[in-house]
A.B. asks: 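Here you go, one structure.
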Amino acid sequence: MYQTTRQITRHVTTAHLAVTMSLLSLTNGELREEIDRELASNPALELVEERHCPTCRRILPANGPCPVCSQSPSSDLSEPLVYVSPREDFYNGRSEDRDEDDSPDDPFSSSTEELPAYVLRQVAPDLAGQDRRIAAFLLSHLNEDGLLTIELVEAAFYFHVPMARIEAVQRIIQRADPVGVGSITPQQALLVQLDVLGETCPAPELARRAIKDGMDLLSRRQYPDLARVLRAPLRQVMAAVKYISENLNPYPGRSHWGDVRQPGAANVQVYQRPDIIIGYQNDDPKKNLFVEIIMPLGGTLRVNPMFKQAIQQASEEKRDDWRADLERASLFVKCIQQRNHTMQRLMQRVAGLQRDFILHGEKHLKPVTRAQLSLELEVHESTISRAVAGKTVQLPNRKIVPLSEFFDRSLNVRSLLKDIILQENHPLSDTELVEILQKQGINVARRTVAKYRAMEGILPAHLRRPSC
DNA sequence: CTATGGCACGGATT
DNA sequence: AATCCGTGCCATAG
């Protein structure tokens with residue numbers, strides 16, 4: 001990323017900007033990788049030890065009390081508190097956040113961290129020697145969803161065996177208990193599940209084609225489009241979709257499809273660890289909104305002071321190299337700080353603006369654009385874009401949504417529309433829906449209502465049940 | 001004839 | 001400069 005250290009020392013400001021920008025667009029997982037890389041290659045950089053908060057177990061900032069637990073009386077309840085929170089567990093450990101609904105420890109249950117072992121136990125008897133090692137290798141690269149995080153070719157390269165051999169092992173793994181485990185993509189997992197299910201009782205053939213040829217549309221719930229691609233009537237496609245969502249699971253490592261907490265709105269998109277968490281201080285809804293910007297670290301990053309001293313006694317030829325290292329380390333630390341600062345300011349403003357959305361749901365989202373925010377924060381538009389892109393936020397109700405949702409121009413209208421249709425006792429046509437929306441002060445074209453419906457996966461009026 | 005989806009255009013957003 | 005979004009017009013299905 002920045003090998004040319006000489007130039008950097010000369011053009012500090014330019015480099016500073018460039019690095020900060022690229023860091024800004026990283027999610028916490030990617031950021032951690034970047035930090036690890038830098039930490040490994042630069043001896044001048046160091047990670048100072050962590051201090052845990054005794055009550056909430058969060059890692060504390062370099063000095064000062066835990067901002068989550070400290071009872072600082074806040075003067076203005078409408079102003080959210082924003083805090084950059086170093087939390088190692090968000091990178092490689094287990095999340096402590098969902099501990100309420102964790103099942104009691106059962107040595108024989110297949111909990112998340114035991115998934116690889118659980119599967120290996122099943123497949124091991126069928127495999128000999130090398131194949132067993134291949135299986136173990138593959139299983140050690142599963143993510144929480146039960147999908148592989150590496151390509152099969154990597155395994156083939158690692159073991160010096162042909163791809164076919166790896167694929168054969170993978171096929172055996174995929175048919176083990178969480179059926180579909182060890183697939184590369186959700187699509188592959190679904191297909192395997194369909195195969196296994198089809199052995200006992202036949203599955204609709206349309207379901208297979210939907211997954212194979214229309215996975216993209218399927219996951220985006222664009223059913224009318226899907227029907228067109230498959231050249232099948234919408235009714236049949238809907239039946240196939242129903243079959244898929246009731247019997248198959250694109251993420252074999254998870255027991256349920258979508259968000260369990262909100263059974264009404266099944267979300268096909270599943271995100272992993274959020275980059276930002278919004279909640280309340282001490283989980284008390286009467287307190288301020290509390291925004292945590294997650295730093296995937298177990299401590300604080302800084303320039304190693306010992307290294308500075310060591311330079312004095314360094315030999316003539318090494319001194320220049322070390323100086324460069326030092327320079328790069330301090331640049332890196334500064335850039336990280338800059339990134340966090342920007343994120344902090346951004347979230348401060350966003351949380352303030354979208355307070356109603358955070359507390360009361362999609363209907364209360366205000367249409368805010370990135371451009372607008374860039375004016376208020378006095379940064380370039382692209383800075384906001386980078387900061388927002390690809391990041392996810394956990395809301396107080398534990399739902400994880402993309403940060404870009406905070407800038408969705410039409411989400412509030414779509415959600416209102418969803419409500420109206422949910423409460424209708426007679427299927428309303430698009431034109432009728434337009435009129436109802438107009439009474440609520442929202443002006444949209446008939447065509448637009450149709451699009452919103454499609455986005456929400458709601459069928460046209462004549463295909464909807466009168467009752468539900 | 002009515003309800004809806006497809007295509008394409010223009011303006012806003014990124 | 002590229003992309004997304006709302007909309008109008010037209011074709012098609014029922």
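Residue numbers begin at 1 in each chain, while the letters A, B, ... track the order of the sequences. Values below: every heavy atom of this structure, side chains too, minus hydrogens, waters and symmetry copies.
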A.B. asks: Distance check needed: C:dA13 C1' versus A:Asp430 CG, whole Å only.
C.D. replies: 15 Å
A.B. asks: Going by an N to O cut-off under 4.0 Å, is there a salt bridge joining A:Glu205 and A:Arg208?
C.D. replies: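 So A:Glu205 does not pair with A:Arg208 through a salt bridge.
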A.B. asks: Of the candidate nucleotides B:dA8, B:dT4, B:dT13, which contains the atom at the shortest distance from the side chain of A:Ala461?
C.D. replies: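 Looking only at side-chain atoms, A:Ala461 lies closest to B:dT4.
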A.B. asks: Salt-bridged, A:Arg414 to A:Asp408, with N to O below 4.0 Å?
C.D. replies: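 Yes.
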A.B. asks: Can you establish whether the number of heavy atoms outside A:Lys366 located under 6.0 Å from its atom NZ is more than 12?
C.D. replies: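 It does: A:Lys366 NZ has more than 12 such atoms within range.
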A.B. asks: On DNA chain C, compare the nucleotides closest to A:Arg446 and A:Tyr452; which residue's is nearer the 5' end?
C.D. replies: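 Between the two, 5'-proximity favours A:Tyr452.
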A.B. asks: Any idea which of B:dC7, B:dA3, B:dT13 is nearest the A:Thr369 side chain?
C.D. replies: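 That would be B:dT13.
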A.B. asks: Is there a side-chain contact between A:Ser385 and the phosphate of B:dT13, meaning an N or O under 4.0 Å from OP1 or OP2?
C.D. replies: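 Indeed not, no polar side-chain atom of A:Ser385 lies that close.
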A.B. asks: What's the CD-C1' distance between A:Glu405 and B:dT13, to the nearest Å?
C.D. replies: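 Taking atom C1' of B:dT13 as the reference, CD of A:Glu405 is at 18 Å.
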A.B. asks: Donor-acceptor check, side chain of A:Asn304 to backbone of A:Leu45, threshold 3.5 angstrom: yes or no?
C.D. replies: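 Judged by distance alone, no pair lies under 3.5 Å.
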A.B. asks: When the distance from CZ of A:Phe407 to P of C:dT3 is rounded to whole Å, what number comes out?
C.D. replies: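 Rounded to the whole Å, the gap is 21 Å.
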A.B. asks: May I have the distance from A:Asp408 (atom CG) to B:dT13 (atom C1'), rounded to whole angstrom?
C.D. replies: 13 Å
A.B. asks: Fit a plane to each ring of A:Tyr83 and A:Phe290, take the angle between them on a 0 to 90° scale, and name the class: parallel (under 30°), tilted (30 to 60°) or perpendicular (over 60°).
C.D. replies: tilted
A.B. asks: Which of these nucleotides, C:dG6, B:dT4, B:dT14, is closest to any side-chain atom of A:Glu381?
C.D. replies: B:dT14
A.B. asks: Tell me the interatomic distance from A:Arg228, atom CZ, to C:dA11, atom P, rounded to whole angstroms.
C.D. replies: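 Spelled out: CZ on A:Arg228 to P on C:dA11 is 18 Å.
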A.B. asks: How close or far is atom C1' of B:dA12 from atom CZ of A:Arg409, stated in whole angstroms?
C.D. replies: 6 Å
A.B. asks: Rounding to an integer number of Å, can you tell me how far A:Leu428 CG sits from B:dT2 P?
C.D. replies: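 The answer, rounded to whole Å, is 18 Å.
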A.B. asks: Using the side-chain heavy atoms of A:Ala445, tell me which of these nucleotides is nearest: B:dG6, C:dT7, B:dG5.
C.D. replies: C:dT7
A.B. asks: Would you say A:Ser382 places a side-chain N or O within less than 4.0 Å of OP1 or OP2 belonging to B:dT14?
C.D. replies: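 A:Ser382 to B:dT14 OP1/OP2: no side-chain N or O under 4.0 Å.
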A.B. asks: Taking only the side-chain nitrogens and oxygens of A:Arg447, find out if one of them lies under 4.0 Å from OP1 or OP2 of C:dG6.
C.D. replies: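 No, because none of the side-chain N or O atoms of A:Arg447 sits under 4.0 Å from OP1 or OP2 of C:dG6.
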A.B. asks: Identify whether any heavy atom of A:Arg453 sits under 4.0 Å from a base atom; if not, whether one sits that close to sugar-phosphate; answer base, sugar-phosphate or nothing.
C.D. replies: sugar-phosphate
A.B. asks: May I have the distance from A:Leu433 (atom CG) to B:dA3 (atom P), rounded to whole angstrom?
C.D. replies: 11 Å
